Trainee: 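Just dropping this structure here.
Bear in mind that the values here come from a model prediction, so they are computed numbers and not experimental data.
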Amino acid sequence: MLSCSPGKSKNLIATDSLSISQGQLLFQTNCSGCHNFRHDGIGPNLSGITAKDSLTWLKEFIRSPKAMIDSGNDHAKKLLADYHSVMPSFTQLKDEEIDQLISFLHTQKSKQKPRDDPNAIKNPIPEKIPASDIQVDLELFTQIPASSDKEPLTRISKMDWVKAEKNWFILDQRGILYKLVNQKAEPWLDISKWKQNFINQPGLATGFGSFAFHPDYAVNGIFYTTHCEAAHSKKADFSIPDSIHQTLQWVLSEWKASNPQASTFSGTSRELMRIDMVAGIHGVQEIIFNPRSKRGDEDYGQLYIGVGDGGCTENGYAFLTHHPDKIWGTILRINPIGKNSRNGQYGIPDKNPFVKNPDSNTVREIYADGFRNPNLITWTEDGKMIATNIGQSSIEAIDVVSKGGDYGWPNREGRFLMYPDSDINKIYPLPANDSIFHYSYPSAAFDHDEGNAIAGGFEYKGHSIPHLRGKYLFGDIPTGRLFYINTADLKPGNMATVKEWFVSLNGKRINLRSLCGQNRVDLRFAQDGSGEMLIFTKPDGKIYRLNKLSNTPAL
């Protein structure tokens, strides 16, 4: 059994400039989405790693973390316990490349561990999430084809019912948009064949980000996508300073189908917006039209875009967020077929909250500000706009979004104070004068005792399971735990009670880790045109319909 043996074999680490520079490139491509050298993130802070772990252990762990965990290695098991997820295997890297990566890691010396701060809050939400008596039986709906022969087999992340098509579309972040034909996935658009600089690495959220069909798609054949391209592919509309490393760019594109009813896409594409990103995390994932809006409404045909902070706070560039002239950490609203943006490729609605700001540098596309990662946007039956916001070290939040609202990041995480230029893994009580800042706080939340990354969901509006009506169903991406809140309790200034619900297969209760056979579930939700809901998991590409209650809950 391999074990951690600090300090051994460091003389075998290459220190020449070529090895180090190649290793730095490998780190930026493969590792920077989850790791940095300032503090813990999705994975541990890697500063000083070569002084802590043996060269042999590092090589084996980089090659296959899961194999190390399965072998019973104590250090690998502790990392799993601490971070609640398994790092992807890098079996595609050659031995020489792993050596180069370690050469670069060796240059990042250990930084002094921050002193324990007695004022920091160690357990922000001490109450445990209570278990409900709701258990829903699942029915296998379909399975998406594997897009890799390595785990995860798929990277499916958004599934949407397109009203104009009366059909499901689902994307794989590796580049394919599928259309379901008789519940079988048929490739409809391969984005990599259209966008030559398309990339789906590094990180867990890169690649093909999202899609949204225009409400008039049946007539105009127009839909929109987001995707990643290599750094410096083109001049960005929203750029970061040259002195700051750029990992990639996110691109918003418009597509026009020659025949909206065709079995595969053919037509044209044009670029609307390009945004530089510091890291491969918290990118431009969600785009959506308000499905409740009708022709003549303020929202009709307006595209909402969730822009994460792109890892700038975690990498020491918090100044790139939380200001009217910065796009990172915002929800945008644009008129995608308009022309009054700075680049002339889309429009800015005249009722956006910052349109009349006298500062010429204002990003007038901003609808709301102060998000770390607004990864899913939806609307409730009574018209509330909901965004789920993935947190840093403590809080996973559900926000009721208001026009012009400021949700605090990076000065707040949830309902707690954070110092963005210090240790962002520490949070503190709100200051006595907090009201002067006019922050909007979550209407529901859970902390990292319960899960690590919120999986946004939907208010159940179907009829197959009446007991779920009026409940917003969501969960935790890595663990697959399932939660709900009563939608009526989603009010600004009110913290709705979060409860856990459960699933079964053929009447037998089962957790999603067991169901997909992986420690990291990568849970996602979908909802059809009648309000019925589905859940799906990346590792196996399986999609399940919420079928019926498998117990009799107390009403």
Trainee: Does the side chain of Ile386 reach to within under 4.5 Å of the side chain of Ile377, using non-hydrogen atoms?
Mentor: no
Trainee: State whether the side chain of Arg520 and the backbone N or O of Lys538 hold a donor-acceptor pair below 3.5 Å, judged by distance alone.
Mentor: no
Trainee: For Asp172 and Gly175, indicate whether the former's side chain and the latter's backbone hold a donor-acceptor pair under 3.5 Å.
Mentor: no
Trainee: Stepwise, does the side chain to side chain donor-acceptor pair (under 3.5 Å) test hold for Asn375 with Gln285?
Mentor: CA-CA 6 Å; Asn375 73 320; Gln285 294 171 314; 5.4 Å; no
Trainee: Do Glu151 and Lys66 meet the salt-bridge criterion of a basic N to acidic O distance under 4.0 Å?
Mentor: no
Trainee: For residues Pro410 and Asp309, determine if any side-chain heavy atom of one lies less than 4.5 Å from a side-chain heavy atom of the other.
Mentor: no
Trainee: Ignoring hydrogens and angles, tell me if any N or O in the side chain of Thr206 forms a donor-acceptor pair with the backbone of Asn200 under 3.5 Å.
Mentor: yes
Trainee: Does the side chain of Tyr419 come within less than 4.5 Å of Asn411's, by heavy atoms?
Mentor: no
Trainee: Taking the cut-offs as 6.0 angstrom to the six-membered ring centre and 45 degrees off its axis, would you call Arg481 and Phe502 a cation-pi pair?
Mentor: no
Trainee: For the aromatic rings, using the six-membered ring if either is Trp, is the centroid distance between His322 and Trp409 under 6.0 Å?
Mentor: no
Trainee: Salt bridge (charged side-chain N to carboxylate O under 4.0 Å, His left out) for Glu229 and Lys234? Distances and angles first, verdict last.
Mentor: CA-CA 9 Å; Glu229 293 194 3; Lys234 292 181 182 178; 5.8 Å; no
Trainee: Checking salt bridge (charged side-chain N to carboxylate O under 4.0 Å, His left out) for the pair Arg412/Asp406: CA distance, chi angles, key distance, verdict?
Mentor: CA-CA 10 Å; Arg412 300 289 186 271; Asp406 181 349; over 6 Å; no
Trainee: Flag the pair Tyr224 / Trp255 as yes when their ring centroid distance falls below 6.0 Å, and as no otherwise.
Mentor: no
Trainee: Is Lys59 paired with Asp99 through a side-chain N to carboxylate O contact shorter than 4.0 Å?
Mentor: yes
Trainee: Before we go on, tell me: are the rings of Phe37 and Phe27 under 6.0 Å apart, centre to centre?
Mentor: yes
Trainee: Are any side-chain N or O atoms of Arg372 and backbone N or O atoms of Asn389, one a donor and one an acceptor, separated by less than 3.5 Å?
Mentor: no
Trainee: Picking from Lys235, His232, Arg274, what satisfies side chain to side chain donor-acceptor pair (under 3.5 Å) with Gln249?
Mentor: Arg274
Trainee: Can Lys426 and Ser393 be said to form a side chain to side chain donor-acceptor pair (under 3.5 Å), step by step?
Mentor: CA-CA 7 Å; Lys426 288 185 171 67; Ser393 66; over 6 Å; no
Trainee: Just checking, is any N or O donor in the side chain of His75 or Asn73 under 3.5 Å from an acceptor N or O on the other one?
Mentor: no
